Peer 1: 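For reference, the structure I am asking about is given below.
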Amino acid sequence: MKKQQRIYLDYNATTPCDPRVVDAMLPYFYEMAGNAASRSHPFGWEAEEAVSNARNQIAKLIDAEEREIVFTSGATEGNNLALKGVFEMYRRKGNHIITVETEHKAVLDTCIQIEKRGGEVTYLKVDKDGLINLEELKSAIKDTTILVSIMWANNETGVMQPMEEIGRICEEKGVLFFSDATQAVGKITTHPKELGIHLMAFTAHKMYGPKGVGALFVNRKRPRVKLTSQIDGGGHEEGMRSGTLNVPGIVGFGKAAEIAQAEMEEEEIRLSELRDKLEKALVNEVEECMVNGSTKYRMSQVTNLSFRHVDSEGLLMTFNQNIAVSTGSACTSASMDPSHVLTAMGLEDDLAKSSIRFSLGRFTTEEEIDFTIEKVIAGVQQLRALSPVWEMFKEGLV
Ligand SMILES: *Cc1c(COP(=O)(O)O)cnc(C)c1O
């Protein structure tokens, strides 16, 4: 393998566009560049038709109706719209929201804002596998609870929460259920209506579509969920989200959804084989290498590993920028705090800071996985050979 080859194993942070997606988008930058809200000429009609077609492709992927898809700028906005929109709309019913400590910052930071505006938020804990306790969820629901917000699959560990059981509990208690499903949509079957999910946020750039476009699924029948809009002006998207639609982005998102639906089954098998190869090789050949999170309830494209007494930032340096992976959470990696997801699972700071997330995707090859295995093993050996702490650990002193 060439020395300068760059290997991308950070698909949970973002994915490159599929070339078929870009091809579908191109005409909408040029000859068909109308505003989908322009009703008086063909440019507008073409754009409107393209948006409607994409809405259909996306609705099909999640088995929803077209009018249940609200286009947004991404999952961060979808999370904000769902949480703040429900909080404001259902204020008379109650002010209590339940979420989980391991949620994405786009949910957690939004919940902090809601608390500042008079909301009450319960943050459920997780066990060492990253899973919530359903009994704790049940007993946290009270008369003032309006919303349960639980992500489908965790971005750092891939751990999947028991969506069906959560949906059943919410149904029994008569509270709305929202899920940040950004890491699940397009990779596994995600049909919110079957599971009693009333709102679901996701984004194009985690499923081989362009950045800056996403969607919020909003259940429209039994129950009809209403939201207070967070962006006003013009009443686009049934008044829930104003602003000129990002037509090329939406077209790309639609194409990405269509491809995902056609290919996800095969792709899931291929990726889980590659992921398992990587994980088994490292766990077997590197001393004190541990998988973080449930290996039973987990997405097939990701593994989060800790290497005891190896600083993950240091390990990255040994890759000479040939392998792109994540330490902690990319969104907070400006800070050197250990990942809030791993610490919520009970990892000590030291182990959390020795963790690396490898996330695979559509363009990952077996050759790349083989090269990565070699590089990681060599890097860990190199760092531990120089580490007094590792020596002490081996002698049983720490
Ligand atoms: C990436 C991600 C987001 C943010 O999505 P954007 O479209 O980049 O705003 C939110 N939640 C999860 C779980 C994610 O992985």
Side-chain angles (χ1 to χ4, degrees), residues 8-17 21 58 62 69-85 99-113 126 130 132 149-161 163 166 178-188 190 192 197 199-217 230-231 241 243 246 249-250 252-254 256-257 260 293 297-304 324-334 339-342 344-345 357-361:
Y8 188 75
L9 292 177
D10 206 10
Y11 281 82
N12 278 20
T14 192
T15 59
C17 274
V21 164
I58 294 160
I62 64 164
I69 304 294
V70 175
F71 285 116
T72 64
S73 64
T76 301
E77 187 191 331
N79 286 338
N80 271 266
L81 177 55
L83 290 158
K84 292 173 181 165
T99 187
V100 185
E101 286 184 349
T102 50
E103 292 288 308
H104 193 272
K105 290 286 179 187
V107 166
L108 294 176
D109 287 350
T110 304
C111 284
I112 291 173
Q113 276 303 318
V126 296
I132 64 159
S149 167
I150 295 179
M151 75 199 314
W152 199 307
N154 187 273
N155 45 304
E156 292 188 33
T157 59
V159 170
M160 291 188 272
Q161 300 294 347
M163 303 308 281
I166 298 168
F178 162 60
S179 184
D180 173 356
T182 307
Q183 291 291 345
V185 174
K187 299 184 186 117
I188 57 171
T190 49
I197 297 169
L199 299 128
M200 185 173 86
F202 51 109
T203 193
H205 78 96
K206 304 271 173 89
M207 48 184 274
Y208 311 95
K211 294 168 185 55
V213 57
L216 180 67
F217 157 79
Q230 302 296 310
I231 299 181
R241 203 279 190 179
N246 172 1
I250 288 168
F253 191 8
Y297 303 104
R298 187 171 58 156
M299 297 292 295
S300 60
Q301 85 284 358
V302 54
T303 177
N304 189 309
V325 291
S326 247
T327 65
S329 165
C331 312
T332 51
S333 64
S339 142
H340 74 281
V341 174
L342 299 181
M345 288 159 53
R357 175 186 74 186
F358 300 87
S359 49
L360 291 59

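Given the structure is predicted, the values throughout are model-derived calculations rather than measurements. Indexing begins at 1, ligand by ligand and atom by atom, following the structure's order.
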Peer 1: Could you list which atoms of ligand 1 come closer than 4.0 Å to a heavy atom of Q183?
Peer 2: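 Per the distance check, 15 (O).
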Peer 1: Quick one: do E156 and N12 satisfy side-chain hydrogen bond (donor to acceptor under 3.5 Å, both in side chains)? Show the steps, please.
Peer 2: CA-CA 8 Å; E156 292 188 33; N12 278 20; over 6 Å; no
Peer 1: Just by modelled atom types, is the G74 backbone N or O under 3.5 Å from a matching donor or acceptor in the T203 side chain?
Peer 2: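 Answer holds: no.
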Peer 1: Would one find an N or O of M151, backbone or side chain, under 3.5 Å from an N or O of ligand 1?
Peer 2: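 No: no nitrogen or oxygen of M151 is under 3.5 Å from one in ligand 1.
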Peer 1: Counting both backbone and side chain atoms, is some N or O of E77 under 3.5 Å from an N or O of ligand 1?
Peer 2: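 Between E77 and ligand 1 (N or O atoms, distance only) the closest approach is not under 3.5 Å.
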Peer 1: May I ask you to check if ligand 1 and K206 share an N or O to N or O distance below 3.5 Å?
Peer 2: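 In this structure, K206 places an N or O atom under 3.5 Å from an N or O of ligand 1.
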Peer 1: Please classify the H205 to ligand 1 contact at 4.0 Å (heavy-atom distances, strictly less than): side chain, backbone, both or neither.
Peer 2: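 Under 4.0 Å from ligand 1, H205 contributes side-chain atoms alone.
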Peer 1: With heavy-atom distances below 4.0 Å as the criterion, list the atoms of ligand 1 near A75.
Peer 2: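 That gives atoms 3 (C), 4 (C), 5 (O), 6 (P), 7 (O), 9 (O), 10 (C) of ligand 1.
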Peer 1: In ligand 1, which numbered atoms sit nearer than 4.0 Å to a non-hydrogen atom of N155?
Peer 2: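 In order of numbering, the contacting atoms are 13 (C), 15 (O).
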Peer 1: If the cut-off is 4.0 Å to any non-hydrogen atom of G74, which atoms of ligand 1 fall inside it?
Peer 2: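 So the answer, numbered in order with elements, is 7 (O).
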Peer 1: Counting only heavy atoms not in Y8 (residues, nucleotides, ligands), do more than 12 fall under 6.0 Å from its OH?
Peer 2: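 Counting neighbours around OH of Y8, more than 12 heavy atoms of other residues, nucleotides or ligands fall under 6.0 Å, so yes.
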Peer 1: To check you understand the geometry: which heavy-atom pair defines the closest contact between G158 and A153, and what is its length?
Peer 2: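 What the structure gives for the nearest pair is O-CB, 4.2 Å.
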Peer 1: Record the part of T203 in heavy-atom contact with ligand 1 below 4.0 Å; permitted values are side chain, backbone, both and neither.
Peer 2: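 Answer for T203: side chain.
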Peer 1: When you look at I197 and M163, which way does the side chain to side chain contact (heavy atoms under 4.5 Å, CB included) test go after all the steps?
Peer 2: CA-CA 8 Å; I197 297 169; M163 303 308 281; 3.9 Å; yes
Peer 1: Please assess F202 against W152 for the test side chain to side chain contact (heavy atoms under 4.5 Å, CB included), listing each intermediate value before the final yes or no.
Peer 2: CA-CA 10 Å; F202 51 109; W152 199 307; over 6 Å; no
Peer 1: Report yes or no: does T15 contribute a side-chain atom to a donor-acceptor pair with the main-chain N or O of H205 at less than 3.5 Å?
Peer 2: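 A pair under 3.5 Å: yes.
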